[in-house]
Amino acid sequence: MNPKELWKATLGEIELQISKPNFITWLKNSELIERNEREGVALVGLPNNFAKEWVRNRYHKLILGSLRNLDNSIRNVDYVVITGAREVPARVAVSKPIAASPLTDEHKLPISELKVDPITNLNPRYTLDTFIVGSSNELAYAATQAVIASVGKKYNPLFLYGGVGLGKTHLLQATGNAIASHAGARNRVFYVSSEKFINDVVWAVRNKRMEDIKKRYRDVDVLIIDDIQFIGGKTTTELEFFYTFNALHEHSKQIIISSDRPPAAIPTLEERLRSRFEGGMIVDIGYPDYEMRLAILRAKTQELGALLDGKILDHIAAKVQKNIRELEGVLNKVLFLSQHRGGSLDIKKIDEVISETTRVSSKNVNASDIVKTVAEFFEVPVSDLTNRCRKQEVVEPRQIAMFLLRDVLKLSYPHIGEKLGKRDHTTAIHAYEKINKALSQNPALNQKIILIKERVYK
Ligand code: ADP
Ligand code: MG
């Protein structure tokens, strides 16, 4: 067999073992570039870096095994990017150079708050036109393009996951807007955050209005749910979501979901729901690389009709790496300053803005926020945590609150003890140590802490 035939046969075998969407996305455009007979290494080419890493991490064993079944002289597989094989229109702007000039007065900074559509619940501010595509999100983008082209048919559900501020909400909403813009489609698309879904279900249960919920959520062609990780574990809501999901899925209605992590990493999610998610297309959005960060800064500057020294943009792009929301925040502040200072911005000032912005989003949290979040998480009254309440169901929440006050805010033990149930400092120390030790042995506890922290910082 020549390499081409060998690869064809190998893919035929692999195709039987992974889901079709995954096969199409990850392996359809792969090639066997060479087979080094002396070293027994097969070199597989993939269209981009992301696919290369993904395939290596997820499918290496499968690929090696399938290749060896056909040719046992192969001992290992290596992966490379085949250049020139781009499927996704790369809109990472090779932007025009930006003149070094301060902002003039007619440039208004605030992007007007556009109104949420009362029918779709989508915000028109989010469009695909303003969504910059780069290596960290090109597959997610491609998947949404496929969904727009064949709603309900191709990738269903589409499950996008990624960290905070990386563009999940933007991409979800822009996809919804694109679909809703087709004639007659507006009242067939519905977007919700999982918080809203939870509230709706809780309200409906209390008021015996479940029929309303069913009508609202099941009578659509496209249901988009943002931040699904919060639904897990709230039994009634999760159950209602499960039925909604099935009702839609059975009728080939499109479901698009986002989460801050893959389904397998949402421990509170019931197995059957998780396996439904895994039956569709799962794609992640990673951290933007430098080129993409710069492209985003340039696009936003242009959108605002502003001008900023290219060196300043370079500097911001180099320093703000893990969160596009922060990247925008820094840019807005810098533009504001440059407008009001007549352009005299030095790198030191920019660094100040950067550290302020990143500090605000990562540290501006106080003890009451933490206690309140813990109480809400466990659905117990705040006062049960702060009073001497001895009910069994507040023991764990209180210990977790104590742990977080120490872990996040570095408060003193006497202060923590006083704040949570007027205990003495030994109780606080004991709680901290107990939780800290249990974390490494108890993944469920670990997840609870992560979820609570995320809510605290939200
Ligand atoms: P997430 O939902 O993942 O927390 P968001 O979608 O809210 O993140 O994105 C945070 C901010 O960054 C938003 O203002 C969004 O418009 C912007 N943003 C994110 N990704 C991109 C992108 N690829 N191109 C342009 N803007 C982006
Ligand atoms: Mg979001």
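None of these values were measured; they are calculated from a predicted model. First listed ligand is number 1; within each ligand, the first listed atom is number 1. When reading the values below, keep in mind they use all heavy atoms of this one structure, side chains included, and skip hydrogens, waters and symmetry mates.
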Chemist: Indicate yes or no: does an N/O atom of Leu166 lie under 3.5 Å from an N/O atom of ligand 1?
Modeler: yes
Chemist: Is there a ring-ring contact (aromatic ring centres under 6.0 Å, His included) between Tyr217 and Phe241? Walk through the geometry before answering.
Modeler: CA-CA 9 Å; Tyr217 285 94; Phe241 181 71; 8.9 Å; no
Chemist: Establish, for the pair Arg216 and Phe190, whether the NZ or CZ atom is under 6.0 angstrom from the six-membered ring centre and no further than 45 degrees off its axis.
Modeler: no
Chemist: To the nearest 0.1 Å, how far is atom 12 (O) of ligand 1 from its closest protein heavy atom, and which atom is that?
Modeler: Ile324 CG2, 3.2 Å
Chemist: So is Phe131 polar-close to ligand 1, meaning N/O to N/O under 3.5 Å?
Modeler: no
Chemist: In the protein, what heavy atom is nearest to atom 25 (C) of ligand 1, and what distance, to one decimal place, separates them?
Modeler: Thr130 O, 3.2 Å
Chemist: For Tyr79, is the NZ or CZ atom of Lys52 found under 6.0 angstrom from the centre of its six-membered ring and inside 45 degrees of the ring axis?
Modeler: no
Chemist: For Gly165 and ligand 1, answer yes if some heavy atom of the residue is under 4.0 Å from a ligand atom, otherwise no.
Modeler: yes
Chemist: Which residue owns the protein heavy atom closest to atom 11 (C) of ligand 1, what's the atom, and how far is it?
Modeler: Glu328 OE1, 3.6 Å
Chemist: Kindly say whether the aromatic ring centers of Phe245 and Phe277 come within a distance under 6.0 Å.
Modeler: yes
Chemist: Are any of the N or O atoms of Arg125 closer than 3.5 Å to those of ligand 1?
Modeler: yes
Chemist: Assess the side chains of Ser383 and Thr386: does a donor N or O sit below 3.5 Å from an acceptor N or O?
Modeler: no
Chemist: Would Gly167 count as being in polar contact with ligand 1, using the rule that some N or O on each side must be under 3.5 angstrom apart?
Modeler: yes
Chemist: Between Ser194 and Asp227, do the side chains contain a donor N or O and an acceptor N or O under 3.5 Å apart?
Modeler: no
Chemist: Can you list the atoms of ligand 1 that are under 4.0 Å from a heavy atom of Asn137?
Modeler: 23 (N)
Chemist: From the Mg ion (ligand 2) out to just under 2.8 Å, does an N/O/S atom of Thr169 turn up?
Modeler: yes
Chemist: When you measure from atom 26 (N) of ligand 1 to every protein heavy atom, which one gives the shortest distance, and what is it?
Modeler: Lys300 NZ, 3.2 Å
Chemist: Give yes if a backbone or side-chain nitrogen or oxygen of Ile132 is under 3.5 Å from a nitrogen or oxygen of ligand 1, and no if not.
Modeler: yes
Chemist: In ligand 1, which numbered atoms sit nearer than 4.0 Å to a non-hydrogen atom of Gly163?
Modeler: 3 (O)
